[in-house]
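Shown next, in structure tokens, is the structure this report addresses.
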Amino acid sequence: YKMFGFLSASALAMSAGCSRLVVTRAGSTLIFEIAGWGLPSIVIPIPESVSRDQHRNAFNYARSGAATLIEETNLSSHILLSEIERIMNSLDLQGKMSESARAFARPDAGRKMAEGILDLVLSHER
């Protein structure tokens, strides 16, 4: 494994190309990046008392089957290593999680939002 505190956008994309599993927090941008890459993941959200958004993101993503969730209050090295081994030792599980990640991804979301904004702006021009 290789641990990073922060990666630039290009370094993040390059590291995804050689990864088989991601362990991450639950920011929405990162979750959608991981989903777009089709990578299985373990999501550890910032506690709900600090960030309800991360907590909600993590649970929604885990419900899709693309990730497993470990709440920070339950996090220990034993639990994390056990979950990593469970995923890495099952090609079938990795495949199912990858499929679920790709199904969760919305690669055309930016285009759809831009089209909606343009339609709204243009409707006021008429």
Side-chain angles (χ1 to χ4, degrees):
Y1 75 92
K2 184 73 174 166
M3 185 171 73
F4 298 96
F6 175 80
L7 293 172
S8 67
S10 61
L12 187 63
M14 287 188 294
S15 65
C18 63
S19 298
R20 290 181 42 214
L21 175 67
V22 176
V23 179
T24 186
R25 288 297 195 174
S28 59
T29 302
L30 189 52
I31 284 180
F32 278 105
E33 289 281 346
I34 295 166
W37 300 327
L39 291 172
S41 57
I42 299 170
V43 181
I44 305 165
I46 292 172
E48 188 174 20
S49 60
V50 177
S51 173
R52 287 189 198 136
D53 291 343
Q54 279 213 7
H55 204 256
R56 189 173 31 247
N57 294 343
F59 274 88
N60 287 334
Y61 194 50
R63 266 190 228 111
S64 78
T68 59
L69 184 141
I70 303 173
E71 293 200 55
E72 190 172 306
T73 56
N74 298 327
L75 183 62
S76 70
S77 58
H78 174 74
I79 289 172
L80 180 59
L81 288 173
S82 176
E83 193 59 18
I84 289 169
E85 288 175 356
R86 183 179 78 84
I87 295 168
M88 295 306 292
N89 290 331
S90 174
L91 292 177
D92 184 51
L93 178 58
Q94 289 175 47
K96 288 177 183 175
M97 292 176 82
S98 291
E99 281 181 32
S100 295
R102 286 187 197 94
F104 190 87
R106 298 293 181 262
D108 60 345
R111 182 184 50 75
K112 285 183 178 181
M113 289 173 51
E115 287 173 354
I117 292 168
L118 285 172
D119 287 346
L120 179 65
V121 169
L122 292 174
S123 72
H124 290 282
E125 292 290 320
R126 296 180 190 141

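These figures come from a predicted structure and were not determined experimentally.
A salt bridge (Lys or Arg N to Asp or Glu O under 4.0 Å) check over residues 12-26, counting only residues at least two apart or in different chains, returns the pairs Arg25-Glu72. Sorted by first and then second residue, the salt bridge (Lys or Arg N to Asp or Glu O under 4.0 Å) pairs involving residues 38-55 (not counting sequence neighbours) are Asp53-Arg56. Pairs engaging residues 85-99 under the salt bridge (Lys or Arg N to Asp or Glu O under 4.0 Å) rule: Glu83-Arg86, Asp92-Lys96 [sequence neighbours left out]. The salt bridge (Lys or Arg N to Asp or Glu O under 4.0 Å) analysis of residues 32-47, with sequence neighbours excluded, yields no pairs. Identified under the ring-ring contact (aromatic ring centres under 6.0 Å, His included) test for residues 21-43, with sequence neighbours left out: Phe32-Phe104.
The shortest distance between side-chain heavy atoms of Thr68 and Val43 does not fall below 4.5 Å. Residues Tyr61 and Ile34 meet the side-chain proximity criterion, which asks for heavy atoms closer than 4.5 Å. Between Ser98 and Pro40 there is a side-chain heavy-atom pair separated by less than 4.5 Å. Looking at Leu118 and Glu115, their side chains never come closer than 4.5 Å, going by heavy atoms from C-beta outward.
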Between Arg106 and Lys112, is a side chain to side chain contact (heavy atoms under 4.5 Å, CB included) present by the stated rule, with each step listed? CA-CA 10 Å; Arg106 298 293 181 262; Lys112 285 183 178 181; over 6 Å; no

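Within the hydrophobic cluster formed by Ile, Leu, Val, Met, Phe, Trp and Tyr side chains joined at under 4.5 Å, directly or through other members, Val23 is accompanied by Leu21, Ile42, Ile44, Ile70, Leu75, Ile79, Leu80, Ile84, Ile87, Met88, Leu93, Met97.
Counting all heavy atoms, side chain and backbone alike, Ile31 lies closest to Ala58 at CD1-N, 4.3 Å. Between Ala26 and Asn57, the closest heavy-atom pair is O-ND2, 2.9 Å. Across Ala16 and Leu39, no two heavy atoms sit closer than the pair O-CD1, 3.8 Å.
Met14 is not connected to Val22 by any chain of hydrophobic side-chain contacts under 4.5 Å among Ile, Leu, Val, Met, Phe, Trp and Tyr, and they are in different clusters.
For the atom pair CG (Leu120) and CD (Glu125), the distance works out to 11.0 Å, reported to the nearest 0.5 Å.
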